[in-house]
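Here is the structure we will look at, set down as structure tokens.
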Amino acid sequence: MEDLEHHLVEACKSGDARAMERLYKHFYSYAMSVALRYAHSKDEAGEIINDSFMKVFDKIDQHDPRKSLKAWLRRIIVNTAIDYYRKNVKHYALMEIEKVSVEVKDENAIDRLSAQDIMDMMGQLPDPYRVVFNLYEIEGYTHQEIGETLGIPASTSRTYLSRAKQKLRTLCELKFSGKYEGAI
């Protein structure tokens with residue numbers, strides 16, 4: 001696999017359009033999985049992916065062949081998603097999920113969540129909460145780094161993370177009480 005990726009990168013450096021297309025197709029599913037964690041919709045994720053690959057092809061000479069192409073691509077996708085968020089933040093509203101007091105009787109219910117269930121619940125989070133949750137819990141950023149990246153105070157990052165976790169708990173409770181049908 002690394003040989004194929006190395007070959008495609010070298011061909012992309014020389015401007016080979018077919019190699020660019022193959023590299024795009026090779027990493028499309030992976031790129032979509034990363035972009036969907038940040039995007040509000042599949043269409044938005046597609047825009048993030050396309051913008052990301054434009055950056056990849058524009059900066060392909062900067063890739064260090066001794067390092068993972070996948071990790072380099074992931075960093076570009078995350079940064080592009082953050083840029084997309086910053087550009088569109090004025091359009092995002094912090095929607096509140098109705099507070100419902102639900103008791104989960106099945107302690108093993110969480111084990112029955114599928115990856116799609118989790119993605120659906122993540123999609124229910126307001127965009128600022130989802131972005132902070134992803135950056136902190138998945139990408140490993142600190143609240144200080146998130147604040148600097150998004151142009152918000154670190155305390156706001158902590159608040160958004162706390163609210164995201166609470167909303168996810170609420171959504172899980174709704175899911176297992178039978179009251180979750182797209183939640184919001």
Side-chain angles (χ1 to χ4, degrees), residues 1-92 114-116 118-123 125-158 160-161 164-165 168:
M1 192 60 69
E2 285 183 24
D3 288 340
L4 170 65
E5 291 171 9
H6 177 74
H7 171 75
L8 289 174
V9 167
E10 290 305 312
C12 288
K13 285 179 182 179
S14 66
D16 183 339
R18 287 179 48 123
M20 290 178 187
E21 180 182 358
R22 286 185 61 205
L23 188 70
Y24 180 90
K25 288 179 180 178
H26 180 73
F27 282 110
Y28 180 82
S29 294
Y30 174 72
M32 181 60 80
S33 71
V34 174
L36 279 171
R37 289 196 323 252
Y38 293 91
H40 188 69
S41 66
K42 195 166 184 168
D43 289 339
E44 191 175 282
E47 288 181 40
I48 291 168
I49 291 170
N50 289 336
D51 291 349
S52 296
F53 274 99
M54 294 301 289
K55 291 175 185 177
V56 165
F57 298 135
D58 189 45
K59 299 178 186 292
I60 196 85
D61 289 331
Q62 295 176 14
H63 174 256
D64 183 348
R66 296 170 293 170
K67 295 185 180 175
S68 166
L69 179 61
K70 193 174 196 177
W72 184 69
L73 174 63
R74 180 171 163 262
R75 174 60 56 199
I76 290 172
I77 296 166
V78 168
N79 288 338
T80 302
I82 291 167
D83 291 344
Y84 192 91
Y85 168 79
R86 274 195 226 124
K87 184 175 91 176
N88 294 297
V89 72
K90 62 188 169 280
H91 303 294
Y92 299 137
S114 70
Q116 189 59 51
I118 294 168
M119 291 299 293
D120 290 345
M121 288 179 194
M122 290 290 293
L125 291 176
D127 294 319
Y129 296 2
R130 185 175 57 251
V131 169
V132 169
F133 182 88
N134 280 317
L135 290 173
Y136 186 84
E137 294 295 343
I138 297 172
E139 306 299 338
Y141 282 56
T142 67
H143 288 295
Q144 186 66 36
E145 291 170 327
I146 293 169
E148 291 169 4
T149 301
L150 299 180
I152 60 174
S155 61
T156 300
S157 173
R158 283 189 285 279
Y160 285 177
L161 178 64
K165 288 180 177 181
L168 289 171

Q: Could you tell me which residues satisfy side-chain hydrogen bond (donor to acceptor under 3.5 Å, both in side chains) with Lys25, sequence neighbours excluded, listed by chain and number?
A: Glu21
Q. Quick one: side-chain hydrogen bond (donor to acceptor under 3.5 Å, both in side chains) partners of Arg75, sequence neighbours excluded?
A. Tyr141
Q.
Looking at Met54, I want to see if its CE is surrounded by more than 12 non-hydrogen atoms of other residues, nucleotides or ligands under 6.0 Å.
A. no
Q) Taking only residues two or more places apart in sequence or in another chain, which ones pass side-chain hydrogen bond (donor to acceptor under 3.5 Å, both in side chains) with Arg66? A) Asp64
Q | Note, Thr149 side chain near Arg86 side chain (heavy atom, < 4.5 Å) | A | yes
Q) Which residues satisfy the side chain to side chain contact (heavy atoms under 4.5 Å, CB included) test with Asn50, sequence neighbours excluded? A) Tyr24
Q) Excluding sequence neighbours, so at least two apart, what forms side chain to side chain contact (heavy atoms under 4.5 Å, CB included) with Ser29? A) none
**Q.** With Ser41 via side chain to side chain contact (heavy atoms under 4.5 Å, CB included) - residues at least two apart
**A.** Asp43, Glu44
Q | Partners passing ring-ring contact (aromatic ring centres under 6.0 Å, His included) against Phe57 (at least two apart in sequence or in another chain) | A | Phe53
Q: Using the salt bridge (charged side-chain N to carboxylate O under 4.0 Å, His left out) rule, collect all pairs that involve residues 133-145, keeping only residues at least two apart or in two chains.
A: Arg37-Glu139, Arg74-Glu139, Glu137-Lys165
Q: Check side chain to side chain contact (heavy atoms under 4.5 Å, CB included) between Ala81 and all other residues, then give those that pass, not counting sequence neighbours.
A: Tyr38, Ile48
Q: Tell me, yes or no, whether the heavy-atom count around Lys42 atom NZ, taken from other residues, nucleotides or ligands under 6.0 Å, exceeds 12.
A: no
Q) So, do Ile82 and Leu135 sit near enough that their side-chain heavy atoms are less than 4.5 Å apart? A) yes
Q: Nearest 0.5 Å please: distance from the CD1 atom of Ile146 over to the OH atom of Tyr160.
A: 12.0 Å
Q) How would you list, by chain and number, every residue that makes a side-chain hydrogen bond (donor to acceptor under 3.5 Å, both in side chains) with His143, sequence neighbours excluded? A) Ser157
Q: Please tell me if the side chains of Asp51 and Asp83 come closer than 4.5 Å, counting only heavy atoms from C-beta onward.
A: no
Q | For Ile60 against Trp72, the heavy-atom pair lying closest together | A | CA-CH2, 3.9 Å
Q. What residues, two or more places apart in sequence or in another chain, satisfy ring-ring contact (aromatic ring centres under 6.0 Å, His included) together with Phe133?
A. none
Q) For the atom pair CG (Leu168) and CE (Met121), what is the distance rounded to the nearest 0.5 Å? A) 8.0 Å
(Q) Quick check: do Leu36 and Met122 have side-chain heavy atoms less than 4.5 Å from each other? (A) no
Q.
Applying salt bridge (Lys or Arg N to Asp or Glu O under 4.0 Å), can you list everything that pairs with Glu47, at least two apart in sequence or on another chain?
A. none
